[in-house]
Amino acid sequence: MIGWLIFFFTLFLAMLGYASYRSYNKERTSDDFIFAGSNIGTILGFLTFSAALFSAFTFMGMPDFFRTHGVGAWIFLAFSDALMVFFLIWFGYALRKRASINGYKGVAGLMKSCYGNSFAGYLVFASAFLFLIPYVAIQIRGISIFLDAAFPDILPYWSWSALLVFIMLIYSEIGGLKAIVYSDAIQGVIMLTVIWIIGVTCLQMSGGLEAGLATVASTSPDLLTLPGPKGLFTSPFLIASAIAIVLIPVSQPQFTTRLVVMKNLKSVHRMAYAVGIFAILVILPTAFIGLYGAIKYPEASTADFLTNALLFDQAVPVAALAVVGLFAACLSTTNAQIFALGTELRSMLTGSDQSNMRITKISILVFSLIVLVFSTYMSDELVLLARVSFAGTSMIAPVVLGAVMYKNPPKELIYLSTLALVTFVSSLVGIVPSIIAGYPLDFLMYCVLFVITFILMLRHHLTQKTTHEA
């Protein structure tokens, strides 16, 4: 096992090193460092977008989610991702059009420019910081659980997290976004390959799809129906989850920036279709692994299930490749989101190019250290914690959509998004109830936000039209 691990890790790190070398440019500006020359093609674009989107919470969280909550997990993620693809086509067009007019340094900077108000930019940055830091910590927590359980006597628990962040910092500091894009491409291919090998193996060990489903139907029939054995997949939960996932490109800057740095609009559209196909391909085998877990490890803890299903029950080369695949999946999301936080901070700066570059690099280091601290306090519910991150960042969607759609967006959207963000955060700390009249708070908030945002935008549109005609 150790020999295979050394071989695969050496190969993986060599590829990352080559990607960093290819990306390094001594004469680069801060824009080159942050935006990779804004010349990303379709293949690299869809791989970097997919690798950032489907990470450790997909590789580790979704199998456990299927095992615990049943087939509703497919509706939760796969159906929602399919909807997001259609939304990407329109949003990519509108965002690139607005960025070409106002310029683009980051989402926060774009909001500041469009609204003529610094608070709009700080609101976007605050939302990203509040929910991306825990989300990155989830990824690190997931891989640390797995590696610590699989190799308890090799390194202390915290060392796995520190090693991952250290590797990320090295190649992101050397090559910037271009190095991250190349590494994402490598990691996306590795993750998809590994998860299918393990998924097919687990399906075979379950006796095949039909026999496996029959076994689950006889032992845990609630796993095959909605709302699932724990009643999680209610209609309000699934609707709210779908909205939060569809709005990811709007509310999470690591994805918004990737739409802007694509070579052209045609590449964006092709990338969106490819992401939809990748979503189905990467989620389907997690269902097979979850089915296997429901049959063989129905009462096991998350760590025990994952280490057995992904490691000890696999052939030695596959198990070693799984470790590298999980590490790669976690690394892709970690670097994308921490780098995005640095980008958003930079977009609010007004100093010289050299000064901005220095501050951005220091901020990435600081954010990484904060993530390391947070990762020690996260729980093992990777998917549900990821959903909280999606929902939390989506609360500022009205202010971003307004800026993208209108030359002079209504400033009321700033106050609406601020109120929504504060309310959601208050629910997380227990100040505001998370369930009201039997409905999840985020579901009710989406209903209210949709109505008020529509009214504000319609009034603004009619006002602008009347003014233009006059």
Between Ser394 (side chain only) and Ala244 (backbone N and O only), is there a donor and an acceptor less than 3.5 Å apart?
no

Between Thr257 and Pro253 (side chain of the first, backbone of the second, donor and acceptor by atom type, cut-off under 3.5 Å), is there such a pair?
yes

What about Phe76 and Phe65, are their ring centers closer than 6.0 Å?
yes

If we only count heavy atoms from C-beta on, is the Val323 to Phe9 side-chain gap below 4.5 Å?
yes

If you define the side chain from C-beta out and look only at heavy atoms, does anything of Val366 sit under 4.5 Å from Ile362?
yes

With rounding to the nearest 0.5 angstrom, report the CG to CG distance, Leu77 to Leu238.
11.5 Å

If every non-hydrogen atom of Leu259 is compared with every non-hydrogen atom of Pro249, which pair is closest and at what distance?
CD1-CB, 4.3 Å

With side-chain contact (heavy atoms from CB on, under 4.5 Å) as the test, would you mind laying out the steps for Leu110 and Val400 before giving the verdict?
CA-CA 9 Å; Leu110 183 64; Val400 178; over 6 Å; no

Quick one, Thr68 with Leu223, criterion side-chain contact (heavy atoms from CB on, under 4.5 Å). Give me CA distance, side-chain angles, the key distance, then yes/no.
CA-CA 8 Å; Thr68 306; Leu223 287 172; over 6 Å; no

Phe91 vs Leu401 side-chain heavy atoms within contact, under 4.5 Å:
yes

How long is the straight-line distance from CZ of Phe233 back to OG1 of Thr225, given to the nearest 0.5 Å?
11.0 Å

Trace of the side-chain contact (heavy atoms from CB on, under 4.5 Å) decision for Ile280 with Trp74:
CA-CA 10 Å; Ile280 301 301; Trp74 180 264; 4.2 Å; yes

Verify, without hydrogens or angle tests, whether Ser251 (side chain) and Leu247 (backbone) share a donor-acceptor contact under 3.5 angstrom.
yes

Enter the distance from Ile190:CD1 to Phe12:CZ here, rounded to the nearest 0.5 Å.
5.5 Å

Atom pair OG1 (Thr201) and CE (Met205), whose distance is rounded to the nearest 0.5 Å
6.0 Å

Between the main-chain N or O of Val189 and the side-chain N or O of Thr193, is there a donor-acceptor pair closer than 3.5 Å?
yes

Is there a side-chain contact between Phe305 and Leu310 in this structure, where contact means two heavy atoms from C-beta onward sitting under 4.5 Å apart?
no

Any side-chain heavy-atom pair of Phe129 and Leu345 under 4.5 Å
no

With rounding to the nearest 0.5 Å, note down the distance linking CG in Leu213 to OG1 in Thr215.
8.5 Å

Whether over 12 other heavy atoms sit under 6.0 Å from Phe86 CZ:
no

Is the positively charged end of Arg67 above the ring of Tyr297, judged by distance under 6.0 angstrom from the centroid and angle within 45° of the axis?
no

Please report the closest heavy-atom contact between Met262 and Gly45, naming both atoms and the distance.
SD-CA, 3.6 Å

Does atom CD1 (Ile43) have a neighbourhood of more than 12 heavy atoms from anything else shown, all under 6.0 Å?
no

Checking the side chain of Thr42 only, and the main-chain atoms of Met271 only, is there a donor and an acceptor separated by less than 3.5 Å?
no

Would you mind telling me which of Ile198, Asn308, Asp313, Leu203 makes a side chain to side chain contact (heavy atoms under 4.5 Å, CB included) with Tyr292?
Asp313

Short question: side chain of Glu344, backbone of Phe125 - any donor-acceptor pair under 3.5 Å?
no

Exam field: side chain Thr256 to backbone Val107, donor-acceptor pair closer than 3.5 Å:
no

Please report the interatomic distance CG(Leu421) to OG(Ser127), rounded to the nearest 0.5 Å.
5.0 Å

Considering all heavy atoms, the nearest Gly207-Ala211 contact
O-CB, 3.3 Å

Evaluate whether atom CZ of Phe79 has more than 12 neighbouring non-hydrogen atoms of other residues, nucleotides or ligands under 6.0 angstrom away.
no

Check the angle between the aromatic planes of Phe7 and Trp4 and answer parallel, tilted or perpendicular using the 30° and 60° thresholds.
perpendicular

Going through the checks in order, is the side-chain contact (heavy atoms from CB on, under 4.5 Å) test met by Leu53 and Thr58?
CA-CA 9 Å; Leu53 185 61; Thr58 306; over 6 Å; no

Under 3.5 Å, side chain of Thr393 to main-chain N/O of Gln252, donor-acceptor pair present?
no

Determine whether a donor-acceptor pair (N or O, by modelled atom type, separation under 3.5 Å) exists between the side chain of Thr307 and the backbone of Asp304.
yes

Which pair of heavy atoms, one from Arg387 and one from Ser241, lies closest together, and at what distance?
NE-OG, 2.6 Å

If you define the side chain from C-beta out and look only at heavy atoms, does anything of Leu132 sit under 4.5 Å from Ile338?
no

Where Val85 and Val275 come nearest, the two heavy atoms and their spacing:
CG2-C, 4.4 Å

Can you tell if the side chain of Gln187 reaches within under 4.5 Å of the side chain of Leu47, non-hydrogen atoms only?
no

May I ask you to test the Leu123-Ser417 pair for a side-chain heavy-atom distance under 4.5 Å?
yes

Please find out if less than 6.0 Å separates the ring center of Tyr273 from that of Phe278.
no

Does Arg98 reach the main-chain N or O of Tyr93 with its side chain, forming a donor-acceptor pair under 3.5 Å?
no

May I ask you to check whether Phe237 and Phe443 place their ring centres under 6.0 Å from each other?
no

Minimal heavy-atom distance between Gly342 and Ser363, with the atoms involved, is CA-OG, 3.7 Å

